[in-house]
2 protein chains.
Amino acid sequence: MVKYAELDLVFQALCDPTRRALVEQLTLGPASVSELAAPLPMSLPAVHQHLKVLERSALVRSEKVGRVRTCRLELTMLDTVQDWIDARRATWERRLGRLDTYLAALPPETPASINQEKEQV
Amino acid sequence: MVKYAELDLVFQALCDPTRRALVEQLTLGPASVSELAAPLPMSLPAVHQHLKVLERSALVRSEKVGRVRTCRLELTMLDTVQDWIDARRATWERRLGRLDTYLAALPPETPASINQEKEQV
DNA sequence: CGCATACTTAACCATGTGCTTAACTATGTG
DNA sequence: CACATAGTTAAGCACATGGTTAAGTATGCG
């Protein structure tokens, strides 16, 4: 049920501001390696390595034509991230739902103990 | 406009499977450090360090009462992640929208050149 | 007080990450 | 062919990460 090893790679890819900048640039459309590197304050090999991390995470796909490599964004992996977040939120909300019914079923004579009971559900 | 330095910490916190497991556990409700550590195949100090990473990212908040530290999940940061993802998707969709209107405005006599023109928008 | 419990801190170690510069490999162009 | 262009690879370096064990600090209980 939990084969979320790919999430390691996606989250790790996105935890670096340079790589998020690359992703943001690629949402505007495909670009070559040097086009992507141009605005960034680092060497071309550095950008190349960041792109490898992004490709490893499947956030970016690329193909080389002639001597130019064109990189494109792959949104599928952002869906995977969103699915994980949604699943956590779902569990969280379900817990709060059970909490409400539990509190509603309580005798209303113990208002002072609510804060303690609340978190034990 | 882009003060997303917090995203570094959140994505970095979530890129480790142990820490995601901790987050998943905490969606079920608050827990102490040893409760969180019990099912994990590592020492207590290791878990303690993971929790520090999660707290640094603001995904987890904790308070110590007596000698027990109780950890709770903080969903706000998941919203921040989701906002970033939504923003990327929005740019992406807007680009595809422009692409559609551009293609619709094209003279229909050049079907073979579509694949080339497509990505230059 | 004496001892267990629940962390917490410190020191250490192996690997991984994010750069750098230098050198190498195509691939177009005049 | 000569030369520029666009990547790519390799080596090295500083620092971060994820674990370990050992020792230290409160706190609660009999």
Side-chain angles (χ1 to χ4, degrees), chain A residues 4-26 29-72 116 119-120, chain B residues 4-26 29-72 116 119-120:
Chain A
Y4 275 138
E6 8 170 36
L7 278 180
D8 288 17
L9 296 174
V10 180
F11 279 124
Q12 203 217 349
L14 292 177
C15 78
D16 183 277
T18 300
R19 286 191 292 265
R20 284 202 306 279
L22 288 170
V23 168
E24 295 187 19
Q25 182 58 42
L26 287 172
S32 72
V33 176
S34 6
E35 280 168 359
L36 290 169
L40 297 175
M42 64 186 66
S43 68
L44 198 91
V47 175
H48 186 257
Q49 286 175 138
H50 280 301
L51 285 171
K52 277 204 290 190
V53 173
L54 286 168
E55 289 211 55
R56 188 181 59 178
S57 77
L59 277 166
V60 165
R61 172 175 46 97
S62 78
E63 53 184 348
K64 198 164 180 176
V65 175
R67 54 185 171 177
V68 169
R69 175 172 298 279
T70 303
C71 305
R72 295 168 158 68
Q116 286 81 51
E119 300 295 7
Q120 295 173 3
Chain B
Y4 275 138
E6 6 169 39
L7 278 181
D8 289 17
L9 297 175
V10 182
F11 279 124
Q12 204 218 349
L14 292 177
C15 77
D16 183 276
T18 300
R19 286 192 292 265
R20 283 203 307 279
L22 288 171
V23 168
E24 295 187 19
Q25 181 58 42
L26 286 172
S32 73
V33 175
S34 5
E35 281 167 359
L36 290 169
L40 297 175
M42 65 185 67
S43 68
L44 199 91
V47 175
H48 185 256
Q49 285 175 141
H50 280 301
L51 285 170
K52 276 205 291 190
V53 173
L54 286 167
E55 289 212 54
R56 186 181 60 178
S57 78
L59 278 166
V60 165
R61 172 175 45 98
S62 78
E63 52 183 349
K64 196 163 182 178
V65 176
R67 55 185 169 172
V68 169
R69 176 172 298 278
T70 303
C71 304
R72 295 167 157 68
Q116 286 80 50
E119 299 296 8
Q120 295 172 3

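To find a chain, count down the sequence lines: A is the first, B the second, and so on, and within it residues start at 1.
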message = OP1 or OP2 of C:dT8 versus the side-chain N and O atoms of B:His48: is any pair under 4.0 Å?
response = yes
ask   = With sequence neighbours left out, which residue pairs that include part of residues 9-20 of chain B fulfil the salt bridge (Lys or Arg N to Asp or Glu O under 4.0 Å) condition?
value = A:Asp8-B:Arg20
query = A:Gln12 side chain N/O closer than 4.0 Å to the phosphate oxygens (OP1, OP2) of C:dT17?
reply = yes
ask   = Rounding to a whole Å, what distance do you find between A:Asp8:CG and C:dT17:C1'?
value = 15 Å
inquiry  = Please report the distance, rounded to the nearest Å, between CG in B:Leu40 and P in C:dC7.
reply    = 14 Å
request  = Do nucleotides 19-30 of chain C as a string where each nucleotide becomes B, S or -: B if the base has a protein heavy atom under 4.0 Å, S if just the sugar-phosphate does, - if no protein is that close.
outcome  = BBBB----BS--
note = Residue set satisfying side-chain contact (heavy atoms from CB on, under 4.5 Å) with A:Ala58, at least two apart, ordered chain then number -> A:Met77
task = Look at B:Ser32 and C:dC7 and indicate whether a side-chain polar atom (N or O) is within less than 4.0 Å of OP1 or OP2.
result = yes
Please tabulate, for the side chains in residues 31-48 of chain B, all donor-acceptor contacts under 3.5 angstrom to protein atoms that are two or more places apart in sequence or on a different chain.
from: B:Ser32; atom 1: OG; to: B:Glu35; atom 2: N; distance (Å): 3.2
from: B:Glu35; atom 1: OE1; to: B:Ser32; atom 2: N; distance (Å): 2.9
from: B:Ser43; atom 1: OG; to: B:Ala46; atom 2: N; distance (Å): 3.4

key: B:Leu59 and B:Leu14: CA distance, side-chain angles, deciding distance, side-chain contact (heavy atoms from CB on, under 4.5 Å) verdict   = CA-CA 9 Å; B:Leu59 278 166; B:Leu14 292 177; 3.7 Å; yes
key: Rounded distance in Å - CD (B:Glu55) to C1' (C:dT8)   = 13 Å
ask   = Of all residues at least two apart in sequence or in a different chain, which pass the salt bridge (Lys or Arg N to Asp or Glu O under 4.0 Å) check with B:Arg67?
value = none
query = Rounding to a whole Å, what distance do you find between B:Arg20:CZ and D:dG18:P?
reply = 12 Å
ask   = Excluding sequence neighbours, so at least two apart, what forms side-chain hydrogen bond (donor to acceptor under 3.5 Å, both in side chains) with B:Gln49?
value = none
query = Expressed in angstrom and rounded to an integer, what is the separation of B:Arg69 atom CZ from D:dT25 atom C1'?
reply = 13 Å
task = Report the distance from atom CG of B:Leu9 to atom C1' of D:dA16, rounded to the nearest whole Å.
result = 13 Å
message = Tell me the interatomic distance from A:Leu14, atom CG, to C:dT17, atom P, rounded to whole angstroms.
response = 15 Å
